Amino acid sequence: MTQSETRRTPGTPCWVSLMVHGLAATQEFYGALFGWEFRPGPQQLGPYVRALLDGKEVAGIGQLPPDRHLPIAWTTYLATDDADATAESIRHCGGTVGVGPLDAGEAGRMAIASDPAGAVFGVWQGGAHLGAVVAGPPGTPAWNELVTRETSAVGKFYQAVFGYAMEPAAGADPDHVRLCLDGHPVASLHGVGSALPRDKGAHWMTYFEAADVDAAAARVAGLGGRVLTEPHTTASGRVAMVADPEGAVFTLLRSGG
């Protein structure tokens with residue numbers, strides 16, 4: 001399904017971005033894995049490139065300053081019509097705003113926040129750049145899921161800030177819900193209890209579509225990344241959790257099988 005270049009309903013995941021130490025090496029890894037090409041900018045936060053697939057923007061990668069030792073992780077951005085009002089709502093509902101809101105040139109206005117359980121996410125008020133403009137082909141973000149200890153309390157936070165409706169997700173996991181807008185699921189929350197990784201804590205997971213999950217996982221390993229969970233079939237399709245050479249974790253997904 002191709003998404004048109006239109007403003008997103010607030011709360012819809014609209015962009016994923018990664019901050020790394022080795023920008024050139026990271027471009028080489030994802031270019032080889034997904035066939036991405038890259039275009040520089042915007043540069044307001046330092047060196048930054050946008051990943052393109054067949055000329056369409058799908059993700060962003062930026063370079064951390066040498067003295068910043070932050071966790072290397074993909075960040076999910078949720079759409080808003082007013083980044084400042086959303087940031088205030090995040091604070092009011094028990095979250096924390098760590099960066100911004102600030103302008104990213106003409107592209108838009110953004111903030112980086114964390115929910116009450118500590119999971120980091122972005123807020124994006126689109127200007128010239130409304131977010132990723134393709135969804136579906138291999139190499140595009142296919143889904144975004146919050147992995148947390150339990151969903152009931154943190155689910156109320158996201159409902160209060162973004163107005164989601166919640167419904168049980170398919171599958172055997174008891175604490176697994178989908179976040180819906182206008183009657184359509186746009187993301188999910190997965191409570192994993194004591195299985196939550198101690199070194200990561202609560203976090204948003206980006207799923208990237210892969211034509212062949214098994215082959216893509218093998219390619220990750222061959223390019224210097226790691227396979228964290230071997231390819232296996234779930235209710236959502238075939239998946240494998242992997243990490244890039246700097247340790248950013250993401251999941252490969254072949255939707256529907």
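What's counted below: heavy atoms across the whole structure, side chains too, no hydrogens, waters or symmetry copies. Owing to the predicted nature of the structure, the values given are computational and were not obtained by experimental measurement.
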Asks: So, taking the atom named SG in C14 and the one named CG in N144, what distance separates them when rounded to the nearest 0.5 Å?
Replies: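 Rounded to the nearest 0.5 Å, the SG-CG separation comes to 9.5 Å.
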Asks: Can you hop from I61 to L223 via hydrophobic side chains spaced under 4.5 Å?
Replies: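 Same hydrophobic cluster.
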Asks: Under 3.5 Å, sequence neighbours excluded: what are the donor-acceptor pairs made by side chains of residues 22-31?
Replies:
from, atom 1, to, atom 2, distance (Å)
T26, OG1, G22, O, 2.8
Y30, OH, W74, NE1, 3.0
Y30, OH, D244, OD2, 2.7

Asks: Tell me if the CZ atom of R91 is crowded by more than 12 foreign heavy atoms within 6.0 Å.
Replies: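 Correct, the count exceeds 12.
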Asks: How close do E57 and L52 get, counting heavy atoms only, and between which atoms?
Replies: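 Shortest heavy-atom separation between E57 and L52 comes out as CG-CD2, 3.4 Å.
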Asks: Within the supplied structure, the quantity of interest is the number of heavy atoms (other residues, nucleotides, ligands) at a distance under 6.0 Å from D84 CG; does it exceed 12?
Replies: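 Enclosed.
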Asks: Are L228 and I72 linked, directly or through intermediate hydrophobic residues, by side-chain heavy-atom contacts shorter than 4.5 Å (ILVMFWY only)?
Replies: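 Looking at the clustering, L228 is in a separate group from I72.
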Asks: Are F250 and Y207 close enough, and set up right, to give a ring-ring contact (aromatic ring centres under 6.0 Å, His included), and what steps lead you there?
Replies: CA-CA 6 Å; F250 58 99; Y207 288 70; over 10 Å; no
Asks: With distance as the sole test, does R219 use its side chain to make a donor-acceptor pair with the main-chain N or O of L33 at under 3.5 Å?
Replies: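 Looks like yes, one N/O pair under 3.5 Å.
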Asks: R149 and D175: which non-hydrogen atoms are nearest, and at how many Å?
Replies: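 So the two residues come closest at O-OD2, 4.3 Å.
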Asks: Apply side chain to side chain contact (heavy atoms under 4.5 Å, CB included) to the pair Q63 and V20, showing each step before the final yes or no.
Replies: CA-CA 5 Å; Q63 184 163 310; V20 298; 5.5 Å; no
Asks: Taking CD in E167 as the centre, count heavy atoms belonging to other residues, nucleotides or ligands within less than 6.0 Å. Is the count above 12?
Replies: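 For E167, atom CD is crowded (more than 12 foreign heavy atoms under 6.0 Å).
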Asks: So, taking the atom named CG in D103 and the one named CZ in R109, what distance separates them when rounded to the nearest 0.5 Å?
Replies: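 So the CG of D103 and the CZ of R109 are separated by 4.5 Å.
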Asks: Report the distance from atom CG of L253 to atom OG of S236, rounding to the nearest 0.5 Å.
Replies: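 Taking CG in L253 and OG in S236, the distance rounds to 7.0 Å.
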Asks: Which residues end up grouped with V177 if you chain together Ile, Leu, Val, Met, Phe, Trp and Tyr wherever their side-chain heavy atoms are less than 4.5 Å apart?
Replies: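 In the cluster with V177 are L78, I90, V97, F121, V123, L146, V154, F157, Y158, V161, F162, Y164, M166, L179, L181, V186, L189, W204.
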Asks: Got a second to check how far H203's NE2 is from E145's CD, nearest 0.5 Å?
Replies: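 Spacing of NE2 (H203) from CD (E145) equals 9.0 Å.
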Asks: Atom CZ in R238, atom CG in L252: separation rounded to 0.5 Å?
Replies: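 The CZ atom of R238 sits 11.5 Å away from the CG atom of L252.
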Asks: Can you check side chain to side chain contact (heavy atoms under 4.5 Å, CB included) on T148 and V192, steps first, answer last?
Replies: CA-CA 6 Å; T148 191; V192 297; over 6 Å; no
Asks: Testing the basics here: between A142 and E209, what is the closest heavy-atom pair and its distance to 0.1 Å?
Replies: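 The pair with the smallest heavy-atom distance is CB-OE1, 3.6 Å.
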Asks: Look at the side-chain heavy atoms of Ile, Leu, Val, Met, Phe, Trp and Tyr, link any pair under 4.5 Å apart, and say whether L64 and F38 land in one connected group.
Replies: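 Yes, same cluster.
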Asks: Would you name the heavy atoms of Y77 and A111 that are closest together and state the gap between them?
Replies: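 Closest heavy-atom pair between Y77 and A111: CE2-O, 4.3 Å.
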Asks: Kindly say whether S188 contributes a backbone atom to a donor-acceptor pair with the side chain of H190 at under 3.5 angstrom?
Replies: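 No; zero donor-acceptor contacts below 3.5 Å.
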Asks: Looking only at heavy atoms, which two atoms of T80 and D82 are closest? And how far apart?
Replies: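 In this case the closest contact between T80 and D82 is OG1-N, 3.0 Å.
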Asks: Counting N and O atoms only, with roles assigned by atom type, does the side chain of T12 sit under 3.5 Å from a partner on the main chain of R8, one being a donor and the other an acceptor?
Replies: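 Checked: no pair found.
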Asks: If I take atom NZ from residue K156 and atom OG1 from residue T151, how far apart are they, to the nearest 0.5 angstrom?
Replies: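 With rounding to 0.5 Å, NZ (K156) is 9.5 Å from OG1 (T151).
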Asks: Let me see the working for F208 and W36 under ring-ring contact (aromatic ring centres under 6.0 Å, His included), right down to the final yes or no.
Replies: CA-CA 12 Å; F208 289 102; W36 290 351; 5.7 Å; yes
Asks: Look only at the side chain of E246 and the backbone of H21, and say whether a donor-acceptor pair between them is shorter than 3.5 Å.
Replies: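 At least one qualifying donor-acceptor pair exists.
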Asks: Would you please test M205 and M241 for side chain to side chain contact (heavy atoms under 4.5 Å, CB included) and show each step?
Replies: CA-CA 10 Å; M205 173 70 72; M241 191 191 309; 4.0 Å; yes
Asks: List the atom of E230, the atom of H232, and the distance in Å for their closest heavy-atom pair.
Replies: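 For E230 and H232, the tightest heavy-atom pair comes out as O-ND1, 2.9 Å.
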Asks: Are V213 and L53 linked, directly or through other ILVMFWY residues, by side chains that come within less than 4.5 angstrom of each other?
Replies: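 Both belong to a single hydrophobic cluster.
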Asks: In terms of hydrophobic clusters joined by side-chain contacts under 4.5 Å, are V227 and V147 together?
Replies: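 In one cluster: no.
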Asks: Please step through side chain to side chain contact (heavy atoms under 4.5 Å, CB included) for the pair F34 and T140, ending with a clear verdict.
Replies: CA-CA 8 Å; F34 291 135; T140 61; over 6 Å; no
Asks: Other residues, nucleotides and ligands only: do more than 12 of their heavy atoms fall within 6.0 Å of NZ on K200?
Replies: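 Yes, enclosed.
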